[in-house]
Amino acid sequence: WGASMAVGALITTINRAYNIRPRRNIATQKLLSIMLVLVLSGLWLVSMTIILVGPDYTQRIFEWIHMASATNTFWTSIRLPMAFLLNLTALSILYYFAPEARQRFLSILPGAFTSAILWMLASSAFRIFLRNFGAYNKTYGSLAALVILMIWLWISGLVFLLGAEINSLMKRDHEKEKDQRVRLLR
């Protein structure tokens, strides 16, 4: 329920990026939020598992589901591109279904691609920062994990909204070009 509230806030903010007043009723908005939570969390869970467990455990997982063997390490060699594609898919779903704007699927790919790259880079940079410079346990004690999670969620939200802004700016630019073509034809 809490995650659907967060996705609902993200939907509202994406609609603001598109300069759209919400027209969905509360039940539809909540149902969409819950569906997006289920789909996106599944994709991101698989993606983060692939990244976090490392190549050795990824190889074991693929051997367990009979997609690899001890001599076949193809799946573990492409684990980071797989994680990127899963993130790109999740962000594409978010950017397509969240705003109340009519748009083609291809028009949301620039923002989704940018966000997927920036999110992976920001997460890696944040991990390096925590490993080398963060002494959160000394400052926050047992609340350090919660503080780190909140900072990472803030960075992730910022990157997701940047992708929505890119998509909305491209949509506005496309609409202006379309209006100019119609004026020229008159």
Minimum heavy-atom distance between [X] and [Y], given as atom pair plus value:
{"X": "A83", "Y": "M120", "value": "CB-CE, 4.3 Å"}
{"X": "N15", "Y": "E100", "value": "OD1-N, 2.9 Å"}
{"X": "S92", "Y": "F105", "value": "CB-CZ, 3.7 Å"}
{"X": "S33", "Y": "I11", "value": "OG-CD1, 3.8 Å"}
{"X": "R104", "Y": "S107", "value": "O-OG, 2.6 Å"}

Do [X] and [Y] sit in one hydrophobic cluster, given that two such residues count as connected whenever their side-chain heavy atoms are within less than 4.5 Å of each other, even indirectly?
{"X": "L45", "Y": "F160", "result": "no"}
{"X": "I20", "Y": "I108", "result": "yes"}
{"X": "L169", "Y": "Y95", "result": "no"}
{"X": "M35", "Y": "V7", "result": "no"}
{"X": "V37", "Y": "V46", "result": "yes"}

Pairs satisfying salt bridge (Lys or Arg N to Asp or Glu O under 4.0 Å), at least one member in residues 145-171, at least two apart: K171-E175
Short side-chain to backbone donor-acceptor contact, N87 and S47, under 3.5 Å: no
Any donor-acceptor N/O pair, S115 side chain to A112 backbone, under 3.5 Å: no
The criterion is side-chain hydrogen bond (donor to acceptor under 3.5 Å, both in side chains); which residues satisfy it with [X], sequence neighbours excluded?
{"X": "N167", "value": "none"}
{"X": "N25", "value": "T28"}
{"X": "S4", "value": "K30"}
{"X": "S168", "value": "none"}

Please say whether more than 12 non-hydrogen atoms of neighbouring residues, nucleotides or ligands are located less than 6.0 Å from CD1 in I65. yes
Any chance CZ of F113 has more than 12 other-residue heavy atoms, nucleotides or ligands included, within less than 6.0 Å? no
Does I26 form a side-chain contact (heavy atoms from CB on, under 4.5 Å) with Q29? I'd like the steps, not just the answer. CA-CA 5 Å; I26 294 172; Q29 175 86 1; 5.7 Å; no
T89 side, atom OG1; W44 side, atom CH2 - distance, nearest 0.5 Å: 11.0 Å
Could you measure the distance from the CG atom of L36 to the CG atom of L31? Nearest 0.5 Å is fine. 9.5 Å
Taking side chain to side chain contact (heavy atoms under 4.5 Å, CB included) as the test, write out the residues that go with [X], two or more places apart.
{"X": "M170", "result": "P110, I166"}
{"X": "L118", "result": "T114, V159, L162"}
{"X": "L161", "result": "L10, T13, I14"}
{"X": "L121", "result": "I117"}

So ring-ring contact (aromatic ring centres under 6.0 Å, His included) across residues 11-43, not counting sequence neighbours, yields none
Using the test ring-ring contact (aromatic ring centres under 6.0 Å, His included), find all partners of F97 that sit at least two apart in sequence or belong to another chain. none
May I have the list of side-chain donor-acceptor pairs in residues 144-158 shorter than 3.5 Å, sequence neighbours left out?
unit_1	atom_1	unit_2	atom_2	d
W152	NE1	S123	OG	3.1
S156	OG	W119	NE1	2.7
S156	OG	W152	O	2.9

